Structure formats: structure tokens, C-alpha cells
Amino acid sequence: QVQLVESGGGLVQAGGSLRLSCAASGRTFSRYAMGWFRQAPGKEREFVAAISWKGGSTYYADSVKGRFTISRDNAKNTVYLQMNSLKPEDTAVYYCAADSRLATVAAGYEYWGQGTQVTVSS
């Protein structure tokens, strides 16, 4: 089992920045690929970014490329999502997820956090 806890969400103006964190506990964090997803009201959960277990490979949704950066610190059992140049359409609940295999779809992840709300005002 892997337990995931997100933090760092909040209210920010358009153009601003936030850094989300996801702390993992349980099985060896460094063996898991990690992903960030988001879900806005009335919409399906969508892929945002993913990172391989060593951090050598990263993937991003087109909508966030050049604005968001995923990273991880295996010594701290934490994955991060740095979000810059935020837009109102980035407003959503953001979830981190873990799985032994890297994936860019929600169905590819076994473990999920509870989510953190990000609200971007115009």
C-alpha cells in the first residue's frame, strides 16, 4: 500500500504560481512512477503530468506544457508540481497518483491521494 497526501492548493490570481506537493508513505516511494491529474466540476479527471521513478522521464498534457513542471525528491518521498502562469481554466481539484508503471491515463494508476483544490481567479 502507498498513502498519498497532497498539499499546496489554494486561491491565486491569473498569472500567478503555486507549488503542489504530494507526500508518500508506505512502500518504497522511489519504485513508483508518479502522476498528477485534475478534475474540474462536471468534467472527467484529466492527465496533467507524470514522472518516472528515477525522475529521468517526464510527460505533460499539451495544455500545461511550458507552464507546469513535475519533479520528485525520492529522499523526501515527495513529488511536486510547480504551476506557473496559471489560468482560470486550471481551476480544479488536483490529485497525485502512484503506480509501478508510468502512465498518462488515470486507469494506469493504483494509488491516489485525496486531492487539493486549486482556484485561479480572473
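Predicted model only: the values in this text are computed from it and were never measured.
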For this session: Run the numbers on Met83 and Leu20 for side-chain contact (heavy atoms from CB on, under 4.5 Å), then give the verdict.
Result: CA-CA 8 Å; Met83 306 186 295; Leu20 304 184; 3.7 Å; yes
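- In this structure, the side chain of Thr91 engages the main chain of Val120 through a donor-acceptor pair within 3.5 Å.
- Arg38 is listed as a side-chain neighbour of Val64, based on a closest heavy-atom distance under 4.5 Å.
- Using a 4.5 Å heavy-atom cutoff, the side chains of Tyr80 and Ile70 are not in contact.
- With values rounded to the nearest 0.5 angstrom, Lys65 atom NZ is found 11.0 Å from Tyr59 atom OH.
- Put simply, the side chain of Leu18 reaches to within 4.5 Å of the side chain of Leu86, judged on heavy atoms.
- With hydrogens and angles ignored, the 3.5 Å screen pairs a side-chain donor or acceptor of Glu6 with a backbone N or O of Cys96.
- Taken to the nearest 0.5 Å, the CZ atom of Arg31 stands 11.5 Å off from the CG atom of Asn74.
- In this view, Lys43 satisfies the side-chain hydrogen bond (donor to acceptor under 3.5 Å, both in side chains) rule with no residue, not counting sequence neighbours.
- In summary, Lys87 and Asp90 do not engage in a salt bridge, as defined by a charged side-chain N under 4.0 Å from a carboxylate O.
- Asp99 is linked by a salt bridge (Lys or Arg N to Asp or Glu O under 4.0 Å) to nothing, counting only residues two or more places apart in sequence or in another chain.
- Between Ile51 and Val79 the shortest side-chain heavy-atom distance falls below 4.5 Å.
- Contact check for Tyr95 versus Leu4: no side-chain heavy atoms found under the 4.5 Å cut-off.
- Side chains of Arg67 and Tyr60 form no contact here, defined as non-hydrogen atoms less than 4.5 Å apart.
- Side chain of Thr116 to backbone of Gly9: a donor-acceptor contact under 3.5 angstrom is found.
- Residues Ala14 and Ser122 share a closest heavy-atom pair of CB-CA, 4.4 Å.
- In this structure, Val2 and Phe29 have side chains that are not in contact, with every pair of non-hydrogen atoms separated by 4.5 Å or more.
- Residues Ser17 and Gln82 are in side-chain contact: their nearest non-hydrogen atoms beyond the backbone lie under 4.5 Å apart.
- The aromatic rings of Tyr109 and Phe37 sit perpendicular, their planes meeting at an angle over 60°, well past the 30° parallel limit.
- Both Tyr111 and Val48 belong to a common hydrophobic cluster when Ile, Leu, Val, Met, Phe, Trp and Tyr are linked at side-chain heavy-atom distances under 4.5 angstrom.
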For this session: Could you walk me through whether Phe47 and Val105 pass the side-chain contact (heavy atoms from CB on, under 4.5 Å) test, one step at a time?
Result: CA-CA 6 Å; Phe47 170 73; Val105 294; over 6 Å; no
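- Side-chain N or O atoms of Gln39 include none that pairs as donor or acceptor with a backbone N or O of Ala92 at under 3.5 Å.
- Note: Trp36 CH2 to Met34 CE = 7.5 Å, rounded to the nearest 0.5 Å.
- Judged by the 6.0 Å distance and 45° axis criteria, Arg72 is not positioned over the aromatic ring of Trp53.
- Residues Leu102 and Trp112 fall within the same hydrophobic cluster, defined by Ile, Leu, Val, Met, Phe, Trp and Tyr side chains chained together at heavy-atom separations under 4.5 Å.
- Separating the CG atom in Asn77 from the OG atom in Ser30 is a distance of 7.5 Å, to the nearest 0.5 Å.
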